[in-house]
Structure formats: C-alpha cells, structure tokens
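Because the structure is a prediction, the values reported are computed rather than measured. The basis for the numbers below is simple: all heavy atoms, side chains too, and nothing from hydrogens, waters or symmetry mates.
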Amino acid sequence: MDVVVVESPAKAKTINKYLGKDFVVLASYGHVRDLPAKNGSVRPDEDFAMTYVIDPKSAERIKAIAKACKGADHLYLATDPDREGEAISWHVLKALEEQNACTGLEVKRIVFNEVTKRAVQAALANPRDIDMDLVYAQQARRALDYLVGFTLSPVLWRKLPGARSAGRVQSVALRLICERDLEIDAFKPREYWSIEADFLTANGKKLLGRLVALRGEKLDKFSMPGEAEAKAALALIEAAASFSVANVEAKQSNRNPAPPFTTSTLQQEASRKLRFAARRTMQVAQRLYEGVTLGGETVGLITYMRTDGVQMAGEAISACREVIASTYGAAYVPEKPRVYKVKAKNAQEAHEAIRPTDLHRSPKEVSAYLDGDQARLYELIWKRAMASQMAGARIEKAAIDIAAADGGSAFRATGSVILFDGFLRLYQEGRDDGAGDENGLALPKVSQNEALTREEARPAQHFTEPPPRFTEATLVKRLEELGIGRPSTYASIISVLQDRDYVKLDKGRFFADDRGQLVTAFLVSFFKQYVEYDFTADLEAKLDEISAGEVEWTQVLREFWDAFEKAVQDTEGLRVRDVLDALNDMLEPHVFRSDDPARDGRKCRSCEDGQLSIKIGKFGAFVGCSNYPDCRFTRSLTNGNSEDGDEGDAGPRELGPHPDSDLMVTVRKGPYGHYIQLGEPEGDTKPKRVSIPKDIKAVDLTLQDALSFLQLPREIGKHPETNKKIVAGIGRFGPYIRHDGEYRSLGADEDVRTVGMNRAVALIAEPKQRRGPKVLRTVGEHPDDGRAINILDGRYGPYVSHDKINASLPAGVEPADLTLDAALTLLRERAAKGTKKRPAKKKTAAKKPTAKKKTTKKTAAAKARKPAAAKKSTKTKTPTRAAGKSGSRKKVADSAGAPGD
C-alpha cells in the first residue's frame, strides 16, 4: 500500500477515485506548520533560524497521515506544483520525521499540472526528491514578511496611533492606490473644444467628420481652448461655399488573439467581464481545478490556476485546432500553432497557462454539473484558450479627408470594417479605462474630389479628466507590470488592504481611506526605500534567483535585514509631533488644498487666526486648529471632497442663531455621523444635540431644517384609545414613533418632523417587527421540502440556515461563493451533530419537616471517617501576564499576514 498526501480534501477525494484500493489519499489541509505569532520566530542573529509550530488541527492530520504510513511502502507528497506546494510537502515530511513515521518508508515528491487520471498516473511514474531551492525561496519570502510585519508594525503603533499594521508588499500596493488619490486631488481640469460636422455624399450617404485643420494649420487637442475660439472656427466653416473629398486612405491590418490566461490575466478579465473579486475568482478556479463530478466521473476541469506561464502543452494545442476546425471551419485555424512568451517581469514559466484539461469539453456540455459562478468562469477560460489558437482578424481601416473649397478648414472621417472576424467570432478581450475601441463604423464609398454637402456643424465643450481610480483589474495589472508580489498573492493583498480599512471599494473603484493615506505618508517619509516600486520588484527577482539555486537564501535575508534594522533604529528618537509635521508637509495638497487660490488652505476658517494641522484623536486622525481650546474647529482629512457629495468638515459649521434663545445652531460630525447642536457646553450642562437622518446630507442642511430637527422629540398627540402620548423622534436606529413604551420605526420615505396622528396610530397597530439577522443571499430551495436555504449575517459571521438548522460558513468561504450542494452538506453535518439543549430542571416535591436526629458518639465517629466530597471550584482562572502578552501579540501576528502580504 502507498500513501499520497495532497492539500485539500476535495482534491484527495478526486485522486482517490483514480488510484484505487492500493493507495490511501489524505489531505494536509494546506500548511501544517507555520511561524508562531510572537517575537523570536525568525532569529537574524542565528543565521535566520526559524521556529515552526503545528497547530492542534494540523497535529491531528499529521497523526492520521503517520498512522496511514505504518506498513506503507511509499509516501508520495503531491501538493501543488509551485513554491508554496513544495514548502508544504517539506513541512509535512519534517512533521512526520519528528514522529518517526518515515522509518523504512521511501518518500518522493510528485507534481501534476491538472487533476486528471492521466496526469496523476504520469506523475507517479516520474517521482523526484523535494526541490530544496523552491523551499528556501518560500522560506525567504515568509521570513521577509514576518520580519517586516513584526518590526515595522510596532513602530507604526507608537509613532502613528490608530494605524493597524504594515506589510512588505501590501504597503507598496497601498501606496499605488494612495498616490492615485493624490493625483486625482491635485488634478486641475483643462477646457477644450472640438467641432464635428455631418456631410452627405452624392448617393445620399452620411459622413461624420471631425475638424482637424483651420486656416491651413493642423489643430491639436487644445487649439480651441474656449467658446470664443470655437465660435470663430464655426463661423469660418459656415462661410465656406463648398466641401469635397481631398483624399481617401484604406489599409488592412491584422489583429491577433491574446494568449491563454495566467493567474493575473484571469483575475483581470473575471473582474471586467464577470464582476468577480480576485479572491472570488481564485476560489471558483480552485474548485474547477480540484475536481467536479461529471456523469459519475470526478475530474479536474482546468489546469493549475496559479501560474505565470502562457504556453500550452502540445496535445492541448492539437485539441484546440481540432475543435476550431470542426466548429468554425478550416478558415479559422491558422497555418501554424501559436506560440506565446511571457512579457511580465519575474515570470516563472514552469507551468502551463490556465486552460481546460480537455478542450473537447465545451461549456455547454459541463454547465449542467456546475453552479452559476463555476459555469461562467469555465466558459471564460475555455473561450480564451480556444481563441488563443484561432486565426487572426482582418480589419480594414479607412480615413477620408474633407476640405473646404477656400482652404479655410479641413475635416477627417475615420472608420473600420471587419473583413474576417477570426478569433473575434468567439472571444474579445475586455478593456480598461482609457483603452479606445478599435471597431469603428464603416465608411461609405467615395472618390477623390467628390463634392460633399455640408449639413450641421456642432461645437462641443470638453474638459480633461483625472486619471481613473484603480479597479481590481487595473490594480492587479499595474502590480504585475511593476513586478511587485506574485500573481498568486494579489487576491490576499487586496483583501488585507480592505480588511484593515486602509482602502474602500465603492462601485468597483478603490478609494484610499484616511488611515491608509496616513500610513503611506509615514512610510514614504521614514521608510521610503522599502515602499519603492523598484526595490520591491528587485527583491522579488532575488527570490526567483533563490528558487533557481543562483543565490543563498540567508544571504538575501542578511542584505535586507542589516539595512532595514538600521532604518527602524533611526526612528526611535522620533516624537509624534515630528511625525505629524512630516505628514502635514507631505499631505498638504490633499488635506489643506483650497478651491480659492487667494485663500491659504491651512488658515482656520473659524477663528481666522490659527493654523490647521493633522492631529490624532480617539477615533483616528483629524484636522484641528492650533488655537485649541479657544478655537474648537475640527474637520476630517477629506476636506469636504468625499465622493458622495457629503462634507468632510467635522465642524462646527454655523447655521445661524436660534430665534428664541440667540444660541448658535451648528452642524458637527461625530464618530457616528453628523448632528445638530444648539449652543456650547456650560459647566456640567450639555447642549441639546439631534442626529441628522442618514438620507439627509449635512452639507445641504439650512437653519430652517436644523430648527425643525431641534424640536425633536415632539409630541404628535394622544392615542384615541389609550389617551397616552405619541412621540416622534430620532434614535439609535433612526426615526421612530413611541407610545406606551413601544417603538415603531418610520420608513425611509417618511419625515419624522411631519408625520401625523393617523399614520402614527396605524404604525402602532402593526405588530412589532423583530430585528432578525439580515438575509445576505438565498442559495436555493431544499430538495426535500422546497423551502428556501438562506445565508444570514450573524453576530459572529455569516451562516447558512434552513428549518431552524444553522451552520457557520467555513473560514475563507464568501457568502456569494457558497453553492447549493455545499450548503446542503453543511446543513447535514450540523444536523448530524444535533443541537445542545439545556437540561430541564427536575421538579422535586416539597419535603415534609422531619424531626432532627440526635447525634450519638457512634454516628459522629462514622461521619468523621467518611472523606469529604471534593468541592468543584467555580472560580475562573485569572489570565497570567504571559497570557496577556500573547493576546496583545495577536495584533502583531495579523501584521505578518499571508505569504506575499
């Protein structure tokens, strides 16, 4: 008997079916050993010795593998075919050796690029030893991430209160997003004008021309900077007696298909076309790779999905050409197979591109066995791989130059027509911001000197636009172009930035949070070398050299650590004031910019005397006045430029005096949103404050609006049946109606200031709505009863629920990714465990009073001989100081992050 170890149980289940009863296939569930989340796990002074620990769950799995190895002939380590997979195999082997489970056992490493019977059997026929160069490269990456996280994060916490953590690669990705935000903030739009005109040919066909020359001079984008220049040009055009065709150009061009997917391009295209986040793309791809049951046979549908390679195996290319010929015809098959080479920096070409394991297996054929996300992603991969081996498209591009008879103006009409669609018949790559569409309109046939009739000429105003914010697709593309990180880690990098509230994803675009801007400004000010794009890319190149056996991994670590440790030591004397001064200077264009060129952006708008600067408070960073406490002006860092149009100003913004008391009515922003305040605190007396409903923008609030809110809570009247007061107000959960201790929420379209008695009585009569968990998604109907299976948002995370059975979603599984089959499995497992019920208390009958027994010397002696029952302690153990330290280090552990983080 032989033992095979893979990472995931799904992969183990698939491979076990291929190998039969002579093999035992077990899963390690990923890494079995890791660096403990405490200082000293990597020790630079001991030549970067590393301490690994096995968590309790992994220990159970190693125990199961060790038990299976007893009496086995071979142990095959079949983890994924990359550095991470090589390291997992090595860790499994080391853990087994610690238990003396490998004595007399031949241990070999096998790799396969696809989970198919043919590939697995071929791998078993060609075993090898563990490649220690790949293991060293993974260890070096893990050590770098650990050293940066555990060394730099505490510096952030001390010098920049409110910061979460820093990571070697995540901080560079964050810098990209923050710098793009600063570019957008600093951008000043520039006005320009253009003129288009419609022309008719002799056959009555219409041409659309764009003005390209005026008075014999060629125009550029800003030749007409304003309306006056555009009107002057229009007058010259309209004065022209006639127009004719001056020149006709037509040329053909070939357009070739894109190569099959790599990890990076799959994430980009799935983001553009399927609206998948990078993490979601990788989760769905993982399931397609590990195996799906098709008509009783379990098979992996795609090749390994973590790859930089764009080449395909010869048999896959042949299969593509066969399918193309039979489906689309011989004209769509190029004369020679297409061969692709990687253009990205630091690309590893050890693996094939991502492609279907069987190109004859069409999306239509397998869709019945897949859930919606799997079917859509498989179709995308199949089409891209197939199109990569199709003939190119032939496109004819044409341009017609149109000139006025007096030579005063000239226009150009452009268009294109597809002569042969080629690969475009099946697939067209998505485009990012700013990428023009090559497929224009076809132009009518005209001849040189042919007279044209000018119809309407239209001037149009334009403004230059700032660079677009990053989407997941464009961020991944930029990281790959710069050679930062590995494509397999991009999903985790993006997730970490969002989890730590450094960036927000709104309508598919990344926005840098204030916290993210501050952390980036701090790192650029005091650790600039370590967030430089070239430095991070060069370090990735050195990791590649380690994996190729060209350099010692400890040498790379030593070169990094010596300089990095000194940079950290240089910040020990920094005061928080020094840090804030540096941040004020660096973020001045972002935080203190003024739309009025004559106004100093750092001058306090409230006291008109103080200087504004960044300050750190309980709820994070904000802008405050240097004259505090005499001037209490504060605002958020965004300076009133948030995308939703709401103001960033935390106030106070004066609306005017109250007509009854002359107390100033102000709008302010607290940690829970905007509110209205009447007057200022006097001694222990707090001023009246009223929250502003979320559907009302504080920036639009007038004094009249504020006065109406200050009347809250207000008495609507007395209930006609109970004669008790009905009150309207705004509370923690929004506008409400209160009567006799009962509350009812008002709808989004109802105004708490004007709601009347009839509506209030009707609301009170309605049954009270119980606040239950929010339904995140309905997965489908249960096959037994047809009732809905829902994913709910619970207090401790999302869970799947049906018929009073609740099961938590496994770690790393997104609600959007859970399939019906997976939901049914979770519910069945939870039902099998049963639900723990609190035992009912036994009812005991009241005992009759009995006469007190007389204690004799004999009974007293008997009692003395009986051992006293040990009392069960009900005291809770007090956490030790060491335990407290361990808990505090959880924050540091998070900063180390995932590999490549």
Side-chain angles (χ1 to χ4, degrees), residues 187-255 392-422 424-425 428 431-466 468:
F187 180 80
K188 297 187 184 302
R190 184 175 174 185
E191 182 183 7
Y192 66 97
W193 287 69
S194 65
I195 295 178
E196 291 182 339
D198 295 326
F199 297 89
L200 280 182
T201 68
N203 296 327
K205 301 292 184 180
K206 184 172 285 190
L207 272 175
L208 176 64
R210 178 176 55 87
L211 183 66
V212 293
L214 201 65
R215 301 184 186 90
E217 292 186 4
K218 187 177 179 180
L219 301 181
D220 61 25
K221 186 175 184 177
F222 299 105
S223 293
M224 293 185 289
E227 187 177 11
E229 290 83 359
K231 284 185 175 180
L234 186 63
L236 190 64
I237 293 165
E238 291 176 341
S242 62
F243 290 84
S244 62
V245 175
N247 188 37
V248 179
E249 292 179 6
K251 61 180 180 179
Q252 290 188 18
S253 63
N254 293 324
R255 183 174 165 192
R394 292 199 309 276
I395 300 171
E396 182 181 77
K397 296 182 178 181
I400 300 174
D401 292 326
I402 304 167
D406 58 6
S409 60
F411 290 80
R412 168 165 278 211
T414 58
S416 62
V417 60
I418 297 175
L419 302 177
F420 174 67
D421 54 4
L424 294 176
R425 181 171 175 180
Q428 187 163 355
R431 295 180 179 273
D432 295 317
D433 302 294
D437 189 357
E438 294 181 13
N439 300 329
L441 296 174
L443 296 179
K445 295 287 184 182
V446 294
S447 56
Q448 195 160 345
N449 300 322
E450 180 179 333
L452 300 175
T453 303
R454 181 188 61 79
E455 294 191 321
E456 182 186 14
R458 299 172 300 278
Q461 183 187 34
H462 309 277
F463 291 93
T464 54
E465 294 184 354

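Residues Leu236 and Gly408 come closest through the heavy atom pair CD2-O, 3.6 Å. When every heavy atom of Leu443 is checked against every heavy atom of Ala413, the shortest pair comes out as CD1-O, 3.8 Å. Residue Ala230 comes nearest to Ile195 through the heavy atom pair O-CD1, 3.7 Å, listed as atom of the first residue, atom of the second, then distance. Heavy atoms only, all atoms of each residue included: Pro466 and Phe187 are closest at N-CE2, 3.5 Å.
Residues satisfying the side chain to side chain contact (heavy atoms under 4.5 Å, CB included) test with Ala460, not counting sequence neighbours, are Ser194, His462. With sequence neighbours excluded, the residues that form a side chain to side chain donor-acceptor pair (under 3.5 Å) with Glu191 are Trp193, Gln461. Partners of Ser242 according to the side chain to side chain contact (heavy atoms under 4.5 Å, CB included) rule, which considers only residues two or more places apart in sequence or in another chain, are Ala405. Judged as a salt bridge (Lys or Arg N to Asp or Glu O under 4.0 Å), and not counting sequence neighbours, the contacts of Asp198 are Arg458.
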Only pairs under 3.5 Å count here: list side-chain donor-acceptor contacts from residues 201-221, not counting sequence neighbours, and write none if there are none.
residue : atom : partner : partner atom : Å
Thr201  : OG1  : Asn203  : N            : 3.3
Thr201  : OG1  : Lys205  : N            : 3.1
Thr201  : OG1  : Lys205  : O            : 3.4
Asp220  : OD1  : Phe222  : N            : 3.0
Asp220  : OD1  : Ser223  : N            : 2.9
Asp220  : OD1  : Ser223  : OG           : 2.8

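Applying the salt bridge (charged side-chain N to carboxylate O under 4.0 Å, His left out) test to every pair with at least one member in residues 223-237, sequence neighbours left out, gives these pairs: Glu227-Lys231. Listed by first and then second residue, the salt bridge (charged side-chain N to carboxylate O under 4.0 Å, His left out) pairs involving residues 233-251 amount to none (not counting sequence neighbours). Judged as a salt bridge (charged side-chain N to carboxylate O under 4.0 Å, His left out), the pairs with a partner in residues 403-418 (not counting sequence neighbours) are, in order, Asp401-Arg412. The ring-ring contact (aromatic ring centres under 6.0 Å, His included) contacts involving residues 394-419 comprise Phe199-Phe411, where partners must be two or more places apart or lie in separate chains.
A donor-acceptor pair under 3.5 Å is formed between the side chain of Thr464 and the backbone N or O of Arg190.
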> Which is it for Arg255 and Gln428 under the side-chain contact (heavy atoms from CB on, under 4.5 Å) test, yes or no, and what are the steps along the way?
Replying inline: CA-CA 11 Å; Arg255 183 174 165 192; Gln428 187 163 355; 3.6 Å; yes
